[in-house]
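Naming: A, B, ... by sequence-line order, numbering from 1 per chain.
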Protein chains: 2
Amino acid sequence: MEPSIDAGASTRRAPTLHVRFSDTDAIPFPTRTVERGDALYCAGEPLRSLYTVQSGCFKTVATFPSSDDDSAPHTQVTGFHFENETLGLDGICTNRHESDAVALEASVVRIMPVGILEPLCREYAGMQHELLAIMSAEIVRASRLALMLGTMPARERVAAFLLDFAERLDAGATSSGGHPVDLLLPMTRADIGSYLGLELETVSRTLSKLQREGAIGLNGRQVRIVDRAMLEHH
Amino acid sequence: MEPSIDAGASTRRAPTLHVRFSDTDAIPFPTRTVERGDALYCAGEPLRSLYTVQSGCFKTVATFPSSDDDSAPHTQVTGFHFENETLGLDGICTNRHESDAVALEASVVRIMPVGILEPLCREYAGMQHELLAIMSAEIVRASRLALMLGTMPARERVAAFLLDFAERLDAGATSSGGHPVDLLLPMTRADIGSYLGLELETVSRTLSKLQREGAIGLNGRQVRIVDRAMLEHH
DNA sequence: CGGTGGATTGATCACTATCAAGTAGCGTGG
DNA sequence: CCACGCTACTTGATAGTGATCAATCCACCG
């Protein structure tokens with residue numbers, strides 16, 4: 001009954017947490033393909049299902065009506081979601097999606113209808129606990145994003161973003177030892193900036209500076225992490 | 001089985017959502033009193049229970065190790081929690097509390113051990129759904145905080161904070177019509193600033209400016225919302 | 001009655017937004 | 001095949017917002 005005590009040891013290090021859902025692997029949920037740039041769902045739509053990314057990558061975009069009615073509403077990328085991460089959790093409270101989910105590349109998701117998921121969780125304690133844990137991790141992830149936006153300067157935000165990204169893709173490979181890690185960012189500078197609360201020019205400038213200092217290699221969306229310590233400290 | 005469709009209509013307006021848990025009212029969970037300034041729990045402690053505020057007010061404080069080892073770690077108030085709101089949800093994923101919860105005034109909480117709560121939710125569909133909804137609302141709340149920190153200037157952040165605060169206390173009274181609303185802020189300017197990603201001087205300056213413009217009345221921690229429209233727009 | 005923590009206000013500075021220009025990659029269509 | 005237009009990215013110059021440093025005031029309390 002008691003969940004394993006050390007469950008958090010490996011997940012607490014990252015600036016943002018993964019959100020995974022392994023127990024449902026055995027269940028033959030249907031899948032859906034989403035083309036690059038298309039929305040998996042949009043804010044305001046009734047919540048029918050949760051989705052787990054099987055392949056590809058999504059961004060979730062939150063919109064908030066501007067205090068000034070006539071001007072553009074506030075909008076921000078609130079997360080990037082890769083393989084095995086679960087989407088749609090923010091919609092359970094209102095029974096409607098609270099954000100848009102847009103594919104950054106051609107992607108496939110597993111569809112888990114909420115009407116099926118909840119009874120399943122009532123039957124299987126492990127699955128219930130895992131769903132709760134996933135939602136809790138999403139709370140922590142969002143809180144850490146807020147912390148980042150509230151306390152860190154641009155350079156640290158970009159560095160943290162790169163490290164988090166590397167760590168999430170790394171999951172399984174050499175997590176820390178191997179020095180050079182190559183990333184291929186699926187999102188634009190504007191997406192990164194929106195996520196980090198920065199303008200795209202600031203993101204670009206900061207990346208260039210990190211390159212000049214030798215912390216990373218940079219070629220458009222290809223990023224090589226050369227000196228991890230340089231990103232972590234200083 | 002299907003939760004009510006319009007559940008979100010009334011909760012989607014606010015910059016931050018309440019987190020309540022009504023189904024457990026009937027169950028005689030024990031309570032605990034926490035003095036002003038004392039911690040209900042601290043980050044890293046094993047998660048034993050969730051807590052619902054019965055009276056009083058808490059702040060939750062998240063800490064993140066600074067990228068620079070020798071300098072102070074990043075720390076931020078990630079939420080304020082009033083009556084009927086639930087604390088500790090961020091700890092489920094790691095089985096340890098991810099933040100500190102500190103009482104802003106003498107407070108009483110209801111203690112709900114997780115080892116009891118999860119089986120209960122497996123038995124009662126309504127309770128399970130409500131727990132999921134509460135956690136989902138917390139995700140939305142944290143995401144909106146991130147959105148606020150990422151996109152809004154100081155003035156809007158402070159205005160949104162005041163409006164949210166008023167709305168949460170108002171719950172039940174005249175929600176929108178009544179013009180003058182009096183608030184007594186339980187937290188310091190530093191707390192507000194930490195929550196909003198601003199320095200305490202900026203919070204103070206912004207409040208003073210809102211007073212000069214006639215949007216609010218101000219006397220230390222007493223705030224009177226004079227012109228709600230002025231806070232909402234412009 | 002001094003002391004302490006909280007709040008206000010002022011002066012200055014740094015960081016990042018903004019505006020602007022120019023480059024590079026890429027798919028489309030002449 | 002190349003010209004075109006589009007989007008993404010980079011880099012520079014300038015301005016603005018909020019941080020920082022500092023002084024003062026105030027209320028509460030031992």
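Rounded to 10°, the angle separating the first-five-pair axis and the last-five-pair axis of the helix from C/dC1-D/dG30 to C/dG30-D/dC1 equals 30°.
A salt bridge links A/Glu85 with A/Arg168: the distance from a Lys NZ or Arg NE/NH1/NH2 to an Asp or Glu carboxylate oxygen falls below 4.0 Å. Between A/Glu98 and B/Arg144 there is a salt bridge, since a side-chain N of the basic residue sits under 4.0 Å from a carboxylate O of the acidic one.
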field: Step-by-step side chain to side chain contact (heavy atoms under 4.5 Å, CB included) determination, B/Thr31 to B/Gln54
entry: CA-CA 9 Å; B/Thr31 63; B/Gln54 291 209 307; 3.4 Å; yes
- request: Check the pair B/Tyr195 / B/Thr78 against side chain to side chain contact (heavy atoms under 4.5 Å, CB included), numbers first and verdict last.
  value: CA-CA 6 Å; B/Tyr195 177 67; B/Thr78 53; 5.9 Å; no
- request: Take A/Arg157 and A/Leu149, measure what side chain to side chain contact (heavy atoms under 4.5 Å, CB included) needs, and give me the verdict at the end.
  value: CA-CA 8 Å; A/Arg157 295 188 207 180; A/Leu149 299 182; 3.9 Å; yes
- request: Mind running side chain to side chain contact (heavy atoms under 4.5 Å, CB included) on A/Met112 and A/Thr52 for me, showing each step along the way?
  value: CA-CA 8 Å; A/Met112 304 181 290; A/Thr52 296; 3.1 Å; yes
message: Apply ring-ring contact (aromatic ring centres under 6.0 Å, His included) to residues B/Tyr41 and B/His97 and explain how you reach the verdict.
response: CA-CA 7 Å; B/Tyr41 56 76; B/His97 287 290; 3.7 Å; yes
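At whole-Å resolution of the value, CE in A/Met152 and P in C/dC15 are 16 Å apart. Put simply, CG on B/Asn219 is 12 Å from P on C/dA7, counting in whole angstrom units. Residue A/Leu149 contributes atom CG, which lies 14 Å from atom C1' of C/dT16 at whole-angstrom precision. Atom CD of A/Gln222 is separated from atom C1' of D/dC9 by 14 Å (rounded to the nearest Å). Look at CG on B/Leu200: it is 10 Å from P on D/dT20, rounded to the nearest Å. Residue A/Lys209 contributes atom NZ, which lies 14 Å from atom P of C/dA14 at whole-angstrom precision. Rounded to an integer number of Å, the gap from CD of A/Glu199 to P of C/dA17 is 5 Å. For the pair A/Arg157 CZ and C/dT16 P, the computed distance is 7 Å after rounding to whole Å.
Contact annotation for A/Gly197: backbone-only contact, meaning every heavy-atom pair under 4.0 Å involves sugar-phosphate atoms and none involves a base. Within 4.0 Å (heavy atoms only), B/Leu207 reaches no atom of the nucleic acid at all.
You'll find the side chain of B/Val158 reaches within 4.5 Å of the side chain of B/Leu198, heavy atoms only.
You'll find the ring centres of B/Phe80 and B/Phe58 outside the 6.0 Å limit. You'll find the ring centres of B/Phe165 and B/Phe82 inside the 6.0 Å limit.
Two residues, A/Glu201 and B/Glu201, neighbour DNA chain C, and the one matched to the more 5' nucleotide by heavy-atom proximity is B/Glu201.
Counting only heavy atoms from C-beta on, A/Thr202 has its side chain closest to C/dT16 among C/dT16, D/dG18, D/dT10. With distances taken from any side-chain atom of B/Arg205 to the nucleotides C/dT16, C/dA11, C/dA7, the minimum falls on C/dA11. Out of C/dT16, C/dT9, D/dT10, the shortest distance to the side chain of B/Ser204 is found at C/dT9. Which of C/dG6, D/dA19, C/dT9 sits closest to the side chain of B/Arg221 comes down to C/dG6.
Contacts with DNA chain D (heavy atom under 4.0 Å) in residues 183-191 of chain A: A/Thr188, A/Arg189, listed by number.
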